[in-house]
Amino acid sequence: MKKITFLSMIALVALILSGCGLGKMVPNNQITLKLENPDLENKGGKVEYVVKGTVPPNFMQKKATVDLQVPVFMNADGSEKTIMNAIKLVGEKSKEQGTVIPRKAGGTFTVAGNFPFKEELATQGIYGIGTARVGKREFTYLPQKIGEGISNTSSRIGINPALSDQAGNGTNLLFAPHGYKPEFETQTGIIYFEVNMHNLNWNLKLNKDEKAKQALNELKNYLFNALDGNKKIQKIVISGWASPEGEESFNQGLSEKRFDQGKKWLNNQMEEWRKDYAKRNKLRLRDVQIPEITFEYNAKGEDWSGFEVAVEKSNIKEKSQILNVVRSQRSSADREQKIREMTDIFTEIAEQILPPLRRAEISIVRNKNNFTDEEILELVVSDISILNVNEKLFAASKITNLQEKERIFTNVIQDATSENDWRAYNNLAILAINDFLQTADNARLDAAQSFLDKAAAISPSNGIILNNSGILYFLEGKKDEAKKAFEASQKAQVEPVKQDYNLGLFKILDGDFTGAIQAMGNRSCDYNVALAQLLNRDYAAAKATIDCVQPKDAKAFYLVAIISARQNYEEGVLGSLRRAIELDNRYKAEAKTDAEFKRFRNNPNFQTLLK
């Protein structure tokens with residue numbers, strides 16, 4: 001008995017079927033299929049495709065039909081088959097409905113659509129499977145491969161958050177505001193002088209004015225109290241001024257001499273305090289020292305601004321005209337001349353406007369807080385218990401050592417007076433997240449979640465807490481929750497945070513690559529911007545953006561490898577992929593199945609790299 005080969009069997013089947021109306025349609029399928037874009041990709045959770053087919057002349061029998069399933073995703077062994085679409089081709093005399101293909105001329109057809117992306121489809125082959133039929137007779141062709149794989153590069157968004165006091169347009173783990181604000185009060189006294197004079201004249205009308213005398217007396221008492229130690233002096237400012245009707249260089253010198261008189265008056269008051277303090281405390285005068293004080297000395301020259309303000313506030317009817325004339329002069333000499341001329345016309349200028357400008361101002365500036373900034377930084381180490389919560393958080397903001405920061409925040413939540421302050425819990429949370437980024441210890445994420453839950457319970461709808469929660473969710477792979485947190489952060493009732501950059505990441509996932517680039521500020525040297533540019537097929541821009549990212553981590557090198565693959569640049573693929581694998585060996589397994597590298601799978605160098 002003769003051995004029947006597979007081909008003989010096919011020929012026999014074809015002979016049988018040809019007598020049943022299928023003719024030359026079997027056993028070989030002459031319908032050609034072409035995937036218009038062989039590089040299918042996940043774009044916004046959808047995969048779009050267009051398959052075009054051609055039926056040659058004299059192939060389609062007049063009464064035949066071909067049920068064509070395309071595209072079909074399945075493994076090479078035919079397992080796990082997923083049919084995405086189908087089309088029915090019919091002959092001219094077929095009674096079934098479908099796309100009519102003339103016998104003699106043949107024809108073309110298109111199958112297009114989209115389907116939801118699924119991870120399991122990404123590594124499968126893409127096929128067309130046709131079944132020819134006439135009546136009850138049918139023949140199914142071998143699957144026709146038209147492509148393979150779906151790239152899921154859009155899912156490669158990544159974050160590399162940094163600890164920060166300010167949001168900016170990026171992904172930042174945000175410290176809560178410390179709330180500490182240096183507050184100062186100023187006590188001022190003024191000594192007035194006659195025109196063109198700098199000597200002290202206490203009989204001058206302005207110096208005899210009760211308000212002026214009271215201001216100087218209060219300044220003196222304020223100084224004495226401060227020197228006694230009851231108040232902390234930040235600085236003492238002494239300024240000399242001249243009225244602007246004289247010659248400029250003369251007025252500058254005059255203001256310097258008036259400043260000297262102000263300084264002399266202040267020194268006299270300090271010496272008087274020494275004597276008084278020694279007497280009150282029964283000390284020798286030589287044992288009493290004036291505390292160290294910061295002085296600021298200014299010879300201001302002509303007070304043009306004071307002149308204009310005084311005229312504006314005056315009752316002179318022509319004040320607008322006066323100011324316009326003065327302001328329109330090209331030089332200070334011309335302005336001075338105009339003022340001198342107007343003093344003859346408007347007595348108010350000579351009698352009311354100019355005299356108060358001839359002065360020396362002495363101002364004592366005091367820090368109203370309990371401690372200076374320097375003292376706070378010392379006390380947070382030596383005696384943290386005497387600081388209030390804002391002072392503690394301020395000190396933490398100035399300290400770079402993260403362990404010291406954590407110690408301070410822990411002290412805040414352990415202190416009964418501040419244990420319900422959301423800021424310390426928030427700050428401990430982001431330190432825990434930062435630890436995770438350094439160690440990959442998932443226990444630190446659990447700790448961060450606990451701290452953020454406590455912070456949110458104390459301060460609901462808080463943009464800073466929600467921002468940090470969004471980052472935590474992202475790191476845990478919970479991207480839907482992360483997006484909701486970032487959206488809520490932007491709309492929060494308390495401490496809202498602008499989230500353009502972070503929400504731009506999700507525009508990448510949604511397939512809006514141009515919108516993502518705009519939302520992220522089209523930043524240079526940014527991984528996610530480079531990713532969006534790559535997906536937008538602007539490879540030159542993507543390469544330039546990712547090249548300047550320093551230092552590059554594994555995902556950045558992997559992205560460079562994808563850019564190189566898209567441009568069919570073998571050296572770039574191999575070099576960048578090698579660096580990615582060196583930094584994170586998991587990328588070896590990813591590259592083996594990533595559709596971005598399908599053109600290199602038969603490349604011996606590529607295969608060797610991934611062994």
Side-chain angles (χ1 to χ4, degrees), residues 186-220 235-268 295-365:
T186 301
Q187 189 79 21
T188 299
I190 300 176
I191 300 172
Y192 297 98
F193 298 89
E194 293 182 85
V195 60
N196 295 332
M197 301 294 288
H198 66 271
N199 59 302
L200 285 175
N201 181 0
W202 296 113
N203 291 317
L204 190 67
K205 181 180 178 181
L206 286 174
N207 286 331
K208 292 172 67 176
D209 180 80
E210 286 301 320
K211 288 185 178 180
K213 290 167 63 176
Q214 182 180 352
L216 278 176
N217 191 50
E218 289 176 354
L219 180 67
K220 176 180 176 179
K235 62 181 177 179
I236 296 178
V237 182
I238 305 175
S239 302
W241 295 90
S243 55
E245 78 278 20
E247 191 271 328
E248 185 174 11
S249 61
F250 175 80
N251 279 340
Q252 182 63 39
L254 191 60
S255 72
E256 292 174 3
K257 293 173 182 177
R258 288 171 178 172
F259 146 76
D260 285 336
Q261 289 292 349
K263 181 180 178 182
K264 182 178 179 181
W265 178 88
L266 179 67
N267 289 336
N268 289 338
F295 288 91
E296 183 178 311
Y297 301 132
N298 302 298
K300 295 286 191 176
E302 299 175 338
D303 191 1
W304 286 105
S305 177
F307 174 79
E308 292 188 4
V309 170
V311 173
E312 287 278 10
K313 292 181 177 180
S314 73
N315 294 322
I316 302 174
K317 293 182 180 180
E318 296 84 354
K319 60 184 176 181
S320 296
Q321 180 183 351
I322 293 171
L323 290 174
N324 288 335
V325 170
V326 172
R327 290 168 179 169
S328 65
Q329 304 308 306
R330 293 183 178 182
S331 67
S332 59
D334 291 338
R335 288 196 298 269
E336 293 160 358
Q337 180 60 36
K338 287 297 180 182
I339 292 176
R340 287 193 291 271
E341 292 173 358
M342 285 187 285
T343 56
D344 295 331
I345 303 172
F346 303 102
T347 57
E348 294 96 330
I349 293 178
E351 296 176 359
Q352 300 175 16
I353 303 297
L354 295 177
L357 303 181
R358 305 162 187 146
R359 69 199 188 279
E361 286 184 1
I362 303 101
S363 297
I364 300 174
V365 182

How long is the straight-line distance from [atom2] of [Y] back to [atom1] of [X], given to the nearest 0.5 Å?
| X | Y | atom1 | atom2 | value |
| --- | --- | --- | --- | --- |
| Glu218 | Ile364 | CD | CD1 | 11.5 Å |
| Glu348 | Lys317 | CD | NZ | 10.5 Å |
| Ser255 | Asp260 | OG | CG | 9.5 Å |
| Gln261 | Ile362 | CD | CD1 | 10.5 Å |
| Glu336 | Gln329 | CD | CD | 11.0 Å |
| Asn207 | Phe193 | CG | CZ | 7.5 Å |

If only atom types and distance count, is the side chain of [X] paired as donor or acceptor with the main-chain N or O of [Y] below 3.5 Å?
| X | Y | value |
| --- | --- | --- |
| Arg340 | Lys338 | no |
| Arg258 | Trp241 | yes |
| Asn251 | Ser243 | yes |
| Gln252 | Ala299 | yes |
| Glu308 | Trp304 | no |
| Glu247 | Phe250 | yes |

Requested in this report: Would you please classify the geometry between the Phe295 ring and the Tyr297 ring as parallel, tilted or perpendicular, with 30° and 60° separating the classes?
Outcome: parallel

[X] versus [Y]: any side-chain heavy-atom pair under 4.5 Å?
| X | Y | result |
| --- | --- | --- |
| Leu200 | Lys264 | no |
| Ile316 | Ile349 | yes |
| Ile353 | Val311 | yes |
| Trp265 | Ile238 | no |
| Ile339 | Phe307 | yes |
| Thr188 | Leu219 | no |
| Lys205 | Lys208 | no |
| Lys300 | Glu361 | no |

Query raised in the report: Does Asn324 CG have over 12 foreign heavy atoms under 6.0 Å away?
Result: yes

Report task. For Glu341 and Gln337, test the side chains for any donor-to-acceptor distance below 3.5 angstrom and give the result as yes or no. Result -> yes

Report summary line: Minimal heavy-atom distance between Tyr192 and Pro356, with the atoms involved, is CE2-O, 3.6 Å

Query raised in the report: Which heavy atom in Lys319 sits nearest to a heavy atom in Glu312, and how many Å separate them?
Result: NZ-O, 2.8 Å

Report task. Please lay out, stage by stage, how Ile322 and Met342 fare under the test side-chain contact (heavy atoms from CB on, under 4.5 Å). Result -> CA-CA 8 Å; Ile322 293 171; Met342 285 187 285; 3.6 Å; yes

Query raised in the report: Excluding sequence neighbours, so at least two apart, what forms salt bridge (Lys or Arg N to Asp or Glu O under 4.0 Å) with Glu245?
Result: Arg358

Query raised in the report: Please, which pairs that meet side-chain hydrogen bond (donor to acceptor under 3.5 Å, both in side chains) have at least one residue in residues 193-204, sequence neighbours excluded?
Result: Glu194-Asn201

Query - Derivation and outcome, side-chain contact (heavy atoms from CB on, under 4.5 Å), residues Ile191 and Leu216 - result: CA-CA 8 Å; Ile191 300 172; Leu216 278 176; 4.2 Å; yes

